[in-house]
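Read through the structure below, which is laid out as structure tokens, and then see the notes.
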Amino acid sequence: MISTKSIETQVLSFLKSNYDVDFPSEKLIINQTLKQFEGEYTVVIFPFVKMLKKDLAEIGKELGDYLKDSDCKVKDYNLVKGFVNLEMDNDFWGSKLSDVASNKSFGSKKKTGEKVLVEYSSPNTNKPLHLGHIRNILLGWSCAHILEANGAEVVKTQIVNDRGVAICKSMLSWEKFGNGETPESAGVKGDQLVGKYYVEFDKQLKEEYAEWQGSSDAQVVYDERKKEKEEKEQFFKRYKNDYFNHYSELGKETRAMLLKWEDGDKHVKDLWNQMNSWVYSGFDDTYKSLGVDFDCMYYESNTYLLGKEKVEGGLDADIFYKEEDGSIWVDLEDVGMDKKILLRADGTSVYLTQDIGTSLIRYDDHKTEKMVYVVGDEQDYHFKVLFEVMKKLKAPFADNLFHLSYGMIDLPTGKMKSREGTVVDADDLIAEVIAEARKSAEEQGDISEMSKEEQDEVIRRVALGALKFFIIKVAPKKRMIFDPKESVDMQGQTGPYIQNAYVRIQGILRKLDGVAGDFEGYEILKIEKELVREILEYPKVINSAAKDLDPSLVANYCYNLAKAFHKYYHDVRILKSETQEAKHFRVSLIKVVSDTLQKGMRLLGIEMPERM
RNA sequence: GGCUCCUUAGCUCAACUGGAUAGAGCAGCUGCCUUCUAAGCAGCAGGUUUCAGGUUCGAGUCCUGAAGGAGUCACCA
């Protein structure tokens with residue numbers, strides 16, 4: 001905007017005054033000129049040909065001359081096919097740099113009054129966070145901050161799935177096999193401890209199931225339910241869930257516990273509160289080491305009842321309908337979808353019910369007319385359904401619901417599967433990147449002068465910079481492969497590469513004795529023009545990242561800017577500039593580069609070290 | 001099977017939303033530290049953008065079809 005707006009206006013006024021054509025400004029294309037050609041900006045004039053009914057070359061020449069004569073600082077131009085390459089004059093770049101340097105909030109918009117709620121993380125309280133959560137959390141957190149930079153008022157939140165069968169499994173398991181173990185007595189984080197009992201439950205269930213498979217009950221079930229030519233092994237793999245629901249002793253106990261929980265049984269509630277508090281303190285530690293936070297929390301245990309109420313209300317208003325068995329449904333066939341159940345015949349709620357309740361409570365609390373759900377792409381259909389249901393309920397925010405859907409993370413060895421123990425634990429991963437960063441710092445770092453605490457902080461920033469950048473540089477909707485070895489790389493297209501650009505600038509600025517001043521008359525180098533041009537792109541990048549809910553745009557932008565800077569740093573001496581003007585310009589330039597890098601990376605949750 | 005998403009260099013990813021000769025990093029090979037820090041820079045090599053059609057001045061990008069992968073089609077969350 002800031003960069004090409006004046007050119008845009010001039011091109012439009014050219015079309016208006018010379019041809020009396022009102023060309024739609026959104027169709028006007030002004031790109032950065034490719035490296036092979038002279039110039040910095042390129043106007044694509046193919047689109048004009050049809051309207052003007054004139055030869056390409058003629059239009060190009062007329063436009064070029066027009067721009068040159070206008071006051072938008074075009075020094076010269078050249079024509080290649082349907083492209084008019086513009087060379088901007090020295091003053092253009094100088095004044096642009098000054099504009100940015102004096103604009104503290106460059107890249108951020110003024111508050112628009114828009115209120116947005118962003119939901120991310122949203123774990124279950126029965127096991128610790130893993131790599132998948134990390135992608136989710138990083139996307140959510142950075143989207144929230146990008147939206148904020150774009151002028152919105154943002155509420156960061158999550159929904160904690162703290163009730164249901166899965167939670168009862170780990171509770172039951174702890175009660176049966178835990179011998180009163182606590183995080184303190186075991187010396188592990190609370191979420192890890194609870195996760196351990198969740199895994200233990202599954203193990204016990206497996207053993208119980210294996211034993212049962214030899215029973216006569218099992219034989220009867222197999223004979224009755226098997227598909228044609230289905231082997232026993234195959235069948236029982238498929239039947240596991242039904243076994244849990246119909247025959248399992250552990251299943252029976254779990255369900256009994258769930259019923260007690262819903263009845264508010266004191267013993268069960270106490271146990272639930274106890275284990276939850278362990279999990280939450282574990283989650284807090286992980287969030288803290290990731291450097292992310294939330295403005296408020298929602299708990300499924302508090303919101304699912306309201307969902308029920310709303311569904312019943314919708315039934316009275318004839319938005320939903322009741323089946324003979326008493327279950328309540330919504331019919332979405334008018335919008336090309338299925339019928340979906342909202343309340344079971346026994347009155348208990350399902351996933352959808354709970355989300356309906358949660359969204360309404362949130363609107364009451366925060367009046368956010370826009371909501372973003374960061375949830376994996378396996379739930380695409382669920383959110384389509386939810387959004388349609390909210391429309392039917394005429395919720396005031398129903399037209400501004402967004403599902404930021406992202407692809408799963410695979411390991412080089414294949415999918416992550418909790419049952420096969422191939423899940424990458426979040427805490428382990430963070431510890432590992434920190435260890436790697438420490439190794440790198442010892443080998444090639446320059447932080448030995450620092451205190452132990454400062455060193456640790458630098459290492460932490462670099463480690464998390466590597467991890468976060470590695471994950472967030474990939475476009476959200478793409479499935480990504482996470483190679484742990486590559487995630488701790490500190491060279492090339494990585495977070496530390498960008499941090500290093502910042503550190504190099506700080507190094508120069510430290511050696512400066514308050515040099516500042518104008519750079520009137522300085523003949524700006526081509527590489528410097530390119531750097532300024534890149535900086536001018538920043539607001540556009542933030543804008544489209546906010547529009548598309550895509551932080552990877554910011555990540556890739558920061559990399560490109562850092563790359564341009566590293567080359568500049570190598571080619572041009574800044575402290576030993578030939579003239580005072582040159583030095584003033586260059587210092588001003590690198591300051592702006594470092595500010596922009598810092599701002600951009602900040603939006604991704606990546607902090608810059610002063611040295612590394 | 002229906003629907004949705006994905007497929008770009010050996011590997012991991014880009015490509016300014018339809019623009020020029022498709023770019024980076026990693027891995028491989030070659031140079032550059034007595035310099036504002038080499039976590040860096042420069043170079044070599046690597047591509048029929050999965051395939052077949054179509055739309056147009058122009059297609060990795062849009063449309064149709066095919067192949068491969070993933071997800072979903074639960075009274076699980």
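Just the heavy atoms: all of them, side chains too, but no hydrogens, waters or symmetry mates, feed the values below. Proteins come first, then strands; the chains are lettered A, B, ... in the order of their sequence lines, and each starts at number 1. In this text the structure is predicted, and so the values were computed from the model without any measurement.
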Checklist entry - Does the ring of A/Y304 carry A/R163 above it, NZ/CZ under 6.0 angstrom from centre and within 45° of its axis? => result yes
Item to check | Euclidean distance for C1', B/U12 against B/A27 (whole angstrom) | outcome: 11 Å
Checklist entry - Does OP1 or OP2 of B/A39 have a side-chain N or O of A/Q444 closer than 4.0 Å? => result yes
Checklist entry - Over how many whole Å does the gap from A/K27 atom NZ to B/U17 atom P extend? => result 14 Å
Item to check | Nucleotide nearest A/E300 (side chain, heavy atoms from C-beta), chosen from B/A39, B/G71, B/A77 | outcome: B/A77
Checklist entry - Do A/Q32 and A/T42 have side-chain atoms, one donor and one acceptor, less than 3.5 Å apart? => result no
Next on the checklist: It should be established whether A/K583 places a side-chain nitrogen or oxygen under 4.0 Å from OP1 or OP2 of nucleotide B/C36.
Outcome noted: no
Going by atom type alone, with no hydrogens or angles, which donor-acceptor pairs under 3.5 Å involve a side-chain atom of residues 467-481 of chain A and a protein atom two or more places apart or on another chain?
unit_1: A/K468; atom_1: NZ; unit_2: A/L290; atom_2: O; d: 2.6
unit_1: A/K468; atom_1: NZ; unit_2: A/G605; atom_2: O; d: 2.7
unit_1: A/R479; atom_1: NE; unit_2: A/D410; atom_2: OD2; d: 2.8
unit_1: A/R479; atom_1: NH2; unit_2: A/D410; atom_2: OD1; d: 3.1

Checklist entry - Say you pick atom P in B/G40 and the same atom in B/U72; how far apart are they, in whole Å? => result 40 Å
Checklist entry - Roughly how far apart, to the nearest Å, are B/G47 and B/G65 at atom C1'? => result 25 Å
Item to check | Side-chain H-bond candidate by donor/acceptor type, A/Y77 with A/E87, under 3.5 Å | outcome: no
Item to check | Interatomic distance at P, B/G71 relative to B/U55, whole Å | outcome: 37 Å
Next on the checklist: Whole angstroms only, please: what is the CZ-C1' distance between A/F565 and B/A39?
Outcome noted: 14 Å
Identify the pairs formed between an N or O of the protein and an N or O of nucleotides 13-15 of chain B at a distance under 3.5 Å, and give each distance.
unit_1: B/C13; atom_1: OP1; unit_2: A/I481; atom_2: N; d: 2.8
unit_1: B/A14; atom_1: OP1; unit_2: A/A475; atom_2: N; d: 2.6
unit_1: B/A14; atom_1: OP2; unit_2: A/K478; atom_2: NZ; d: 2.9

Next on the checklist: As a quick check of understanding, evaluate salt bridge (Lys or Arg N to Asp or Glu O under 4.0 Å) for A/E454 and A/R611, giving each step before the final call.
Outcome noted: CA-CA 10 Å; A/E454 286 169 328; A/R611 297 167 198 268; over 6 Å; no
Checklist entry - Taking the side chain of A/K81 as its heavy atoms from C-beta onward, which of B/A20, B/A24, B/G19 lies nearest to it? => result B/A20
Checklist entry - Among side-chain atoms of A/T494 and A/D489, is any donor-acceptor pair under 3.5 angstrom? => result no
Next on the checklist: At under 4.0 Å between heavy atoms, how does the protein contact nucleotides 54-60 of chain B? Give one character per nucleotide, 5' to 3', with B, S or -.
Outcome noted: ---B---
Checklist entry - Is A/E443 salt-bridged to A/K439, cutoff N-O under 4.0 Å? => result no
Item to check | For atom CG of A/D377 and atom C1' of B/C73, their distance in whole Å | outcome: 15 Å
Next on the checklist: Roughly how many Å apart are B/A9 and B/G23, using the P atom of each and rounding to a whole number?
Outcome noted: 14 Å
Item to check | Span that lies between the C1' atom of B/A15 and that of B/C73, in whole angstrom | outcome: 35 Å
Next on the checklist: Nearest to the side chain of A/I508, heavy atoms from C-beta on, is which of B/C41, B/C36, B/C5?
Outcome noted: B/C36
Checklist outcome for this item: Per the 3.5 Å Watson-Crick/G-U criterion and a run length of at least three, the stems involving RNA chain B are B:1-7 with B:67-73, B:10-13 with B:23-26, B:28-32 with B:40-44, B:50-54 with B:62-66
Checklist entry - Taking atom types as modelled, is there a side-chain donor on A/Q158 or A/Y299 under 3.5 Å from an acceptor on the other? => result no
Next on the checklist: Regarding A/V375, tell me which of base, sugar-phosphate or nothing describes its non-hydrogen contacts under 4.0 Å with the strands shown.
Outcome noted: nothing
Next on the checklist: On the nucleotide B/G40, are OP1 or OP2 found under 4.0 Å from the side-chain N or O atoms that A/K563 carries?
Outcome noted: no
Checklist entry - Got a donor-acceptor contact below 3.5 angstrom from the A/H403 side chain to the A/D377 backbone? => result no
Next on the checklist: Under a 3.5 Å threshold, yes or no: a donor from one side chain and an acceptor from the other, between A/D380 and A/S405?
Outcome noted: yes
Checklist entry - When you compare B/U8 with B/A14, how far apart are their P atoms, in angstrom units rounded to a whole number? => result 11 Å
Next on the checklist: Between B/U48 and B/A22, how far apart are the two C1' atoms, rounded to whole Å?
Outcome noted: 13 Å
Contacts under 3.5 Å, N or O only, protein and nucleotides 27-35 of chain B:
unit_1: B/U35; atom_1: O2; unit_2: A/R573; atom_2: NH1; d: 3.3

Checklist outcome for this item: A/Y559 atom OH is separated from B/U12 atom P, nearest whole Å, by 17 Å
Checklist entry - Among residues 321-335 of chain A, which contact RNA chain B at a heavy-atom distance under 4.0 Å? => result A/D325
Checklist entry - Is the closest basic N to carboxylate O distance between A/E457 and A/R461 below 4.0 Å? => result yes
Checklist entry - Hey, is A/R533 close enough to A/E40 for a salt bridge, meaning N to O under 4.0 Å? => result no
Checklist entry - Are A/F83 and B/A20 stacked, counting the six-membered base ring, centres under 5.5 Å, planes under 30°? => result yes
Checklist entry - A/Y381 OH to B/A74 P: how many Å, rounded? => result 9 Å
Next on the checklist: Side chain of A/I341 only, heavy atoms from C-beta on: which candidate in B/U37, B/C75, B/A20 is closest?
Outcome noted: B/C75
Item to check | Spacing of A/L28 atom CG relative to B/G18 atom C1', expressed in whole Å | outcome: 15 Å
Item to check | Whole angstrom value for the distance that separates C1' of B/U4 from CG of A/D338 | outcome: 13 Å
Next on the checklist: Between A/S577 and A/R586, is there a side-chain donor-acceptor contact under 3.5 Å, judged purely by atom types and distance?
Outcome noted: yes
Checklist entry - At what distance, to the nearest 0.5 angstrom, does CG of A/N136 lie from CG of A/L131? => result 11.5 Å
Checklist outcome for this item: Out of B/U37, B/A77, B/A39, minimum distance to the side chain of A/N161 belongs to B/A77
Next on the checklist: Without decimals, in angstroms, what is the distance between A/H403 NE2 and B/C5 P?
Outcome noted: 13 Å
Item to check | Salt bridge A/K5-A/E8, side-chain N to carboxylate O under 4.0 Å | outcome: no
Checklist entry - About how many Å separate CE of A/M51 and NZ of A/K53, when rounded to the nearest 0.5 Å? => result 9.5 Å
Checklist entry - Can you check whether A/Y41 has a side-chain N or O nearer than 4.0 Å to OP1 or OP2 of B/C16? => result no
Next on the checklist: Checking understanding here: a glycosidic angle within 90° of 0 is syn, the rest anti, so what is B/C32?
Outcome noted: anti
Checklist entry - Would you say B/C16 has OP1 or OP2 under 4.0 Å from some side-chain N or O of A/K540? => result no
Item to check | Syn or anti for B/U17 (syn when the glycosidic angle lies within 90° of 0) | outcome: syn
Next on the checklist: Quick check for you: among B/U12, B/C75, B/A42, whose closest atom lies nearest to any side-chain atom of A/R344?
Outcome noted: B/C75
Next on the checklist: On the side chain of A/T42, is there an atom forming a donor-acceptor pair with the base of B/A20 - under 3.5 Å, no angle test?
Outcome noted: yes
Checklist entry - Please walk me through it: do A/Y502 and A/E610 pass side chain to side chain donor-acceptor pair (under 3.5 Å)? => result CA-CA 8 Å; A/Y502 177 87; A/E610 295 302 307; 3.2 Å; yes
Next on the checklist: Between A/D456 and A/R438 (salt bridge meaning N to carboxylate O under 4.0 Å), is one present in this structure?
Outcome noted: yes
Checklist outcome for this item: For A/Q455 and A/I447 the tightest heavy-atom approach is NE2-O, 3.2 Å
